Each structure stands twice: as C-alpha cells, then as structure tokens.
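Quick note: residue numbers are just sequence positions, from 1. This is a predicted model, so every value here is computed, not measured.
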Amino acid sequence: MNINLPHFNMKNLVKEAGSTISRVVQLTEEKLGTTERTEYDLHFQNLAERADVTKAWTEKLVKDTESVLIPNPQNRVEDYIFEKIDKSKPKRVSNLEHLALDMIEAGGDFGQDLPYGQALIKVGQAEQKLGQCEHDFIATSGICFTQPLRKFLEGEMKTISKERGILDSKRLDLDACKNRVKKARSMLGQQSAERDLRVAQAEFDRQSEITKLLLDGISTSQASHLRHLHAFIQTQVRYYKQCGDVMEQLQRELAKMQHPKPRLRINSEDVDGGPPSSVSMHSCDSDSVVGVALDSDNEIDKSLTNLLEDFNIEFDTTAISTVIFVTECSPVNEDYMYAKQGLMKGLVPRAFVEMLDEEHDVTL
C-alpha cells in the first residue's frame, strides 16, 4: 500500500524550531529585564499608535452604525452569518410594516366607510411606505458606509497586524543574535554569530520598511472613509426627506376626509355647527360653542370684560353666561382661541372660556 506523505524539509523544520525557541528565550529575558531590546524609532511608534486608534474606533463606529440600522442583535448576527456563507439575507418585515398591516386590517374590520376605519387604512398605507423607505435606507447605508469600513478592517488592518507580528518576530531574532554575539567566545563562534546578526539586521530593516509603508497608507484610507461618511449623510438626508414627504401627504389626505360636525341646539332646533363666517386671516380646524365663566355674583369679571373689549368682542354682562363660537387658531395657540359673536370677532384667552358639550341648549 502506497501512502503519500507530505514532504517535510527537516532542515527548515529544525531551523524554525530553533528560531521559535530563541524568540521565546529572548522575550522572557526582556520581560525579566535581563537583556536589552531594539526600540522602534519615534516615527514608527507614532504610526503604530495611530493604527491602533484607527482600528479601535473604526470597529466601534461600524458596530454602532449597524446597531442604529438594525436594532435587533439577533438579526445582525444572522446577517453576518449569511454574508460569510455567501447567501442572500432573508426578507424581514419591519416593526413599521407590522404596524401598517395591523392598521389596514383593523380599518377594514371597523368599516371602510366610517371615518375611523378610513383614517386607519390611510395611516397604515403611509406606514407601509415608511417601512419601504427604511429598507432602502438600511441597504444603501450598508453599501456606502458600513461595508467599506468593515472591508477595511478585514483587509488592510488585518494585513497591517500580520506584518507587525512578523516585524516583532524579526526584532526578537535580531536581539537574540546581538546577545549571541556578546556571548560568543571562540573566533569561529563569533564569526558565525556576527554573520547571523547581519542577516537578522537586514531582515528586520526590510520588514520595518514594509510595515511602515502599510502604516503610512492609513492616511489614504481615512480620506476614503471621509467620502463614505459624506455618502452616509446624503443617504440619511434623502431618507428623512422621503419620510417627511410621506407624512405630509398623509396629513393632506386626512384633512380632505369628512369629519362629523358637532350638533348644537339653538332655540330648540338642531343645527350643524359650522365655522364662523368671515374668519379674516384665520383658518379653523373645528368649531364649538363656549360659555364665558362668571364670578359668584353672576356678573362677568371686570378684568375679563376689559380684556375681551381690547379684542373688540362685546358681551351681554347681565346674562348668567355669554355664549360665543370659538375655533382653534392656525397654527394652534396655547393661550388664545379665535372667537365670534354676531358680527364681532377676535381672540379670547383660552383660560377664560369653558367648552359646552354638543347637547347643551343654547339660545343666541
């Protein structure tokens, strides 16, 4: 029976084993402080520190960005696995899309002809559009920002780490050779040690230059990362604009829908409450009847009367209460409402009026 065994170069194997032992001895002596070590020049140390900082922050930025784009950690792990096995990611329904489907279904059950059912369906359709915008934003952000940064970490930074590891090994070999030269006693042994030292020095210098060139390349990579960052911001701007457009369109559609008007009893007759005529630069969302609160003597407070007169509104001060039509200002004002009584109109303080319900009998 013929068995094909891998070809071993025993000489190289012994040499590599000897180098490994020599490095371990050298590293142990350095930690014990019993021998000297070759230090890297200041420029190289600065480049190495910058590389470490760049690697640490890039990893954190990628992780934080992915957490924003895909809040569910389980989904992020699943996506990472699918990328590694070169499979397409599963199509997931987002929380917005879940909400949209439930709203549309609820609107259908409540009745598409009823205002609430119609509104739910409209809002659900808008949420579906927001969900699609979210999918597009996540995909585009991955392509323009997180994927390039991850590729940098898995490519260039891994290469730099690998070459720095080789450089550290060459530095240990160099220092070990220096120690052997110091310990060499015979002329023959000294010549051999010096020859090994020259070889180790040349290999260290060559590896040092290779590593330094790779470290210098981080500046170019960061310039590329800046372009990716600009692309990410543009993607965010486009995404939020799309969302804003969808919601503004939804508001317009909801405003066009017919809302039930309040019914009032005026002189024992039911009438629909409508917006006051001649609103004059004020648009109204709804209207109601309000009664102005009186003091304990059934007379309107003098300060309130003066304040209302400042807004050109007159009331019958002998009545128990004065009834006026009010509407919300546009835009809504937290302190005032737009009021109308007969031909008089103006603003009244919200704190001095009391809303009456629909069934309240009012005699104008």
Does the side chain of S224 pick up a donor-acceptor pair with the side chain of H228 at under 3.5 Å?
yes

Under 4.0 Å between a side-chain nitrogen and a carboxylate oxygen: does that hold for K63 and E59?
no

What's the spacing between S221 OG and I160 CD1 if we round to 0.5 Å?
7.0 Å

Taking atom types as modelled and ignoring hydrogens, do the side chains of Q201 and D205 form a donor-acceptor contact shorter than 3.5 angstrom?
yes

Linking I/L/V/M/F/W/Y whenever their side-chain heavy atoms sit closer than 4.5 Å, directly or via other members, would I104 and L250 fall into one cluster?
no

Would a distance-only check, ignoring hydrogens and angles, find a side-chain to backbone donor-acceptor pair under 3.5 Å from T65 to L61?
yes

Closest non-hydrogen atom pair, R92 against H135
O-CE1, 3.3 Å

When you compare the side chain of H43 with that of D216, does any pair of heavy atoms fall below 4.5 Å?
yes

May I ask you to check whether S219 and R50 show a side-chain donor-acceptor distance below 3.5 Å?
yes

Test L167 against F44 for side-chain contact (heavy atoms from CB on, under 4.5 Å), laying out the working first.
CA-CA 12 Å; L167 180 61; F44 183 89; 3.2 Å; yes

Check whether any side-chain heavy atom of Q207 sits under 4.5 Å from a side-chain heavy atom of I210, and report yes or no.
yes

May I ask you to say whether R171 pairs ionically with D175, meaning some side-chain N is under 4.0 Å from a carboxylate O?
yes

Report yes if some heavy atom in the side chain of Y40 is under 4.5 Å from a heavy atom in the side chain of D168; otherwise report no.
yes

With clusters defined by side-chain heavy atoms of hydrophobic residues (ILVMFWY) lying less than 4.5 Å apart, directly or transitively, does F137 cluster with V62?
yes

For a quick test of reading the model, state the closest non-hydrogen atom pair linking T54 to T58 and the distance between them.
O-OG1, 2.6 Å

Here the gap from R238 atom CZ to D136 atom CG, rounded to the nearest 0.5 Å, amounts to 9.0 Å

Nearest 0.5 Å please: distance from the OG atom of S141 over to the CD atom of Q147.
10.5 Å

E194 side chain to V181 backbone, donor-acceptor under 3.5 Å
no

Once rounded to the nearest 0.5 Å, what's the spacing between atom CG of L197 and atom CG of D173?
11.5 Å

Parallel, tilted or perpendicular, judged at 30° and 60°: which one describes the rings of Y116 and F110?
parallel

Are more than 12 heavy atoms, taken from residues, nucleotides or ligands other than E105, located less than 6.0 Å from that residue's CD atom?
no

For A119 and M257, which heavy atoms make the closest approach, and how far apart are they?
N-CE, 3.5 Å

Is it possible for you to say whether L213 and F204 belong to one hydrophobic cluster, with membership spreading through side-chain heavy-atom contacts below 4.5 Å?
no

Taking it one step at a time, do K178 and T38 satisfy side-chain hydrogen bond (donor to acceptor under 3.5 Å, both in side chains)?
CA-CA 10 Å; K178 290 180 179 179; T38 301; 3.0 Å; yes

Out of curiosity, does I143 fall in the hydrophobic cluster containing V237 (side-chain heavy atoms, cut-off under 4.5 Å, transitive links)?
no

Within the 4.5 Å heavy-atom criterion, are M247 and L130 side-chain neighbours or not?
yes

So if you build clusters from Ile, Leu, Val, Met, Phe, Trp, Tyr with side-chain heavy-atom gaps below 4.5 Å, do V246 and V123 land together?
yes

So M337 and E328, do their side chains get closer than 4.5 Å, heavy atoms only?
yes

What's the shortest heavy-atom distance between A100 and Q128, and which atoms?
CB-CG, 3.3 Å

SG-CZ distance between C177 and R198, expressed to the nearest 0.5 angstrom
11.0 Å

In this structure, are over 12 heavy atoms from other groups packed under 6.0 Å from D109 atom CG?
yes

Find out whether D41 and K212 are in side-chain contact, i.e. whether some heavy atom of one side chain is under 4.5 Å from a heavy atom of the other.
yes

Derivation and outcome, side-chain contact (heavy atoms from CB on, under 4.5 Å), residues N46 and L42:
CA-CA 6 Å; N46 291 335; L42 183 60; 3.9 Å; yes

Are any of the side-chain heavy atoms of R164 and D52 separated by less than 4.5 Å?
yes

With F152, which of E156, E154, R150 fulfils side chain to side chain contact (heavy atoms under 4.5 Å, CB included)?
E156

Quick one: does F232's side chain get under 4.5 Å of T146's, heavy atoms only?
no

Say you draw a straight line from CG of L47 to OG1 of T211; how long is it, rounded to the nearest 0.5 Å?
10.5 Å

What's the shortest heavy-atom distance between G142 and P148, and which atoms?
O-CD, 3.8 Å

What verdict does the side-chain hydrogen bond (donor to acceptor under 3.5 Å, both in side chains) test give for E253 and Q249, after you've listed the backbone C-alpha separation in whole Å, the side-chain angles of each residue and the deciding distance to 0.1 Å?
CA-CA 6 Å; E253 293 178 357; Q249 178 63 29; 3.2 Å; yes

Is there a donor-acceptor pair closer than 3.5 Å between any side-chain N or O of Q118 and the backbone N or O of Q112?
yes

Smallest heavy-atom separation, P71 atom then L69 atom, equals CD-O, 3.6 Å

